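Just so we're clear, the structure is a prediction, and the values are computed from it rather than from any experiment. Below, chain A is the first sequence line, B the second, and so on; all start at residue 1.
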Protein chains: 2
Amino acid sequence: MSKSATKVLQALERVGGFASAQELHLVLKRNQESIGLTTVYRTLQNLVNDKSVDILRKDDGEAIYRLCGDSHHHHLVCKNCGKTVEIEGGAIEKWAQKSGDENGFREIGHTAEIFGICSDC
Amino acid sequence: MSKSATKVLQALERVGGFASAQELHLVLKRNQESIGLTTVYRTLQNLVNDKSVDILRKDDGEAIYRLCGDSHHHHLVCKNCGKTVEIEGGAIEKWAQKSGDENGFREIGHTAEIFGICSDC
DNA sequence: ATTGAAAATGACAACCATTTCCATTTTTGC
DNA sequence: GCAAAAATGGAAATGGTTGTCATTTTCAAT
Ligand SMILES: [Zn+2]
Ligand SMILES: [Zn+2]
Ligand SMILES: [Zn+2]
Ligand SMILES: [Zn+2]
């Protein structure tokens, strides 16, 4: 799992933001990087599992991906244009931990996303 | 836009939380409420436009809907056995609204889920 | 009550992102 | 070098969602 992963990561760097699997496939084709669409999907799944790539969904349900920094953070996403702002977790981090603790859970993690319409839309 | 809307809203009440269009269609069929799947989709779109219904996406991309004004809460889920506890949003509600406001977003919503291992596992 | 335009409905087909299948190629371990 | 395992990619299948369009229902005007 490496030749393809490298190509997909390069494509993600090139686009510099969110891109769908199909868009990434096109980008790679244009750059003479032969790679199958199936492999692009498979590679993206692996990268998401590795937490190297973030995945989220457009309003129409299509999955879009982007490189993920290693620091823990959350996203504020425009439902209309996809503009994304990275947000510090702040209070939510303690809230999640506390809620889990109070109910006797351990190995507590969380997901959180904020969405809305940005000022440009 | 009324006969179908009424039926779909009743189905949403009956399930009492999130449900997909296809699930709602099944619920209506089971209750002798004849309604086409196409009409369920169309009606849900209208209800979402009217802001009578919230829409969000499962991880697999399928759309799920719920009545707006259903008491808003979050879930604490055991990764091992699936046990689920409903959690009051508390801090996260303000955090989401504030984060959106500070970045000039409007119509702000959020998703959040906490997961871990429960005390029985 | 009659009429006719406009809206709503639903069976069916089309769409399209994603997944599955499987034969072929590439890599790995010895 | 060689066999086993992993990776690859084209084609076909999947499945949620949307488009089409003929039919039915609604409802205001006559
Ligand atoms: Zn925007
Ligand atoms: Zn966090
Ligand atoms: Zn458990
Ligand atoms: Zn909340």
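Between the CG atom of A:L37 and the C1' atom of D:dA12 there is a distance of 14 Å, given to the nearest Å. As a whole-Å value, the separation of A:L47 CG from D:dA7 P is 13 Å. Between B:I64 atom CD1 and D:dG16 atom C1' the separation is 14 Å, expressed in whole Å. In this entry the distance linking CZ of B:R57 with P of C:dA17 reads 13 Å, nearest Å. For the pair B:E62 CD and D:dG16 C1', the computed distance is 7 Å after rounding to whole Å. Summarising the geometry, the separation between NE2 on B:H25 and P on C:dT9 is reported as 13 Å, rounded to the nearest angstrom. The CG atom of A:N46 sits 15 Å away from the C1' atom of C:dT18 (whole-angstrom rounding). We find that NZ of A:K3 is positioned 15 Å from P of C:dT25, with the value rounded to whole Å.
In the model, B:E93 has a side-chain atom that pairs as donor or acceptor with a side-chain atom of B:H72 under 3.5 Å.
Looking at heavy atoms from C-beta onward, A:Y65 lies out of side-chain contact with A:E23 at the 4.5 angstrom threshold. In this structure, A:I55 and A:I64 have side chains that are not in contact, with every pair of non-hydrogen atoms separated by 4.5 Å or more.
At the heavy-atom level, A:S34 lies under 4.0 Å from the strands shown only through sugar-phosphate atoms.
Applying the 4.0 Å criterion to OP1 and OP2 of C:dT18, one finds that A:Q45 has every side-chain N and O outside that range. Taking side-chain N and O atoms only, B:Y41 has a distance below 4.0 Å to OP1 or OP2 of D:dT17. An OP1 or OP2 oxygen of D:dG10 is reached within less than 4.0 angstrom by no side-chain nitrogen or oxygen of A:T38.
The listed nucleotides are C:dT18, D:dT8, C:dG10; the one nearest the side chain of B:I35 is C:dG10.
The closest donor-acceptor contact from the side chain of A:K7 to the backbone of A:S34 lies under 3.5 Å. Judged purely by atom type and a 3.5 angstrom limit, A:H74 has no side-chain atom pairing as donor or acceptor with the backbone of A:E113.
The base of D:dA7 does not come close enough to the side chain of A:S4 for any donor and acceptor atom to sit less than 3.5 Å apart. Residue side chain B:R42 does not reach the base of D:dG19 through any donor-acceptor N/O pair under 3.5 Å, judged by distance alone.
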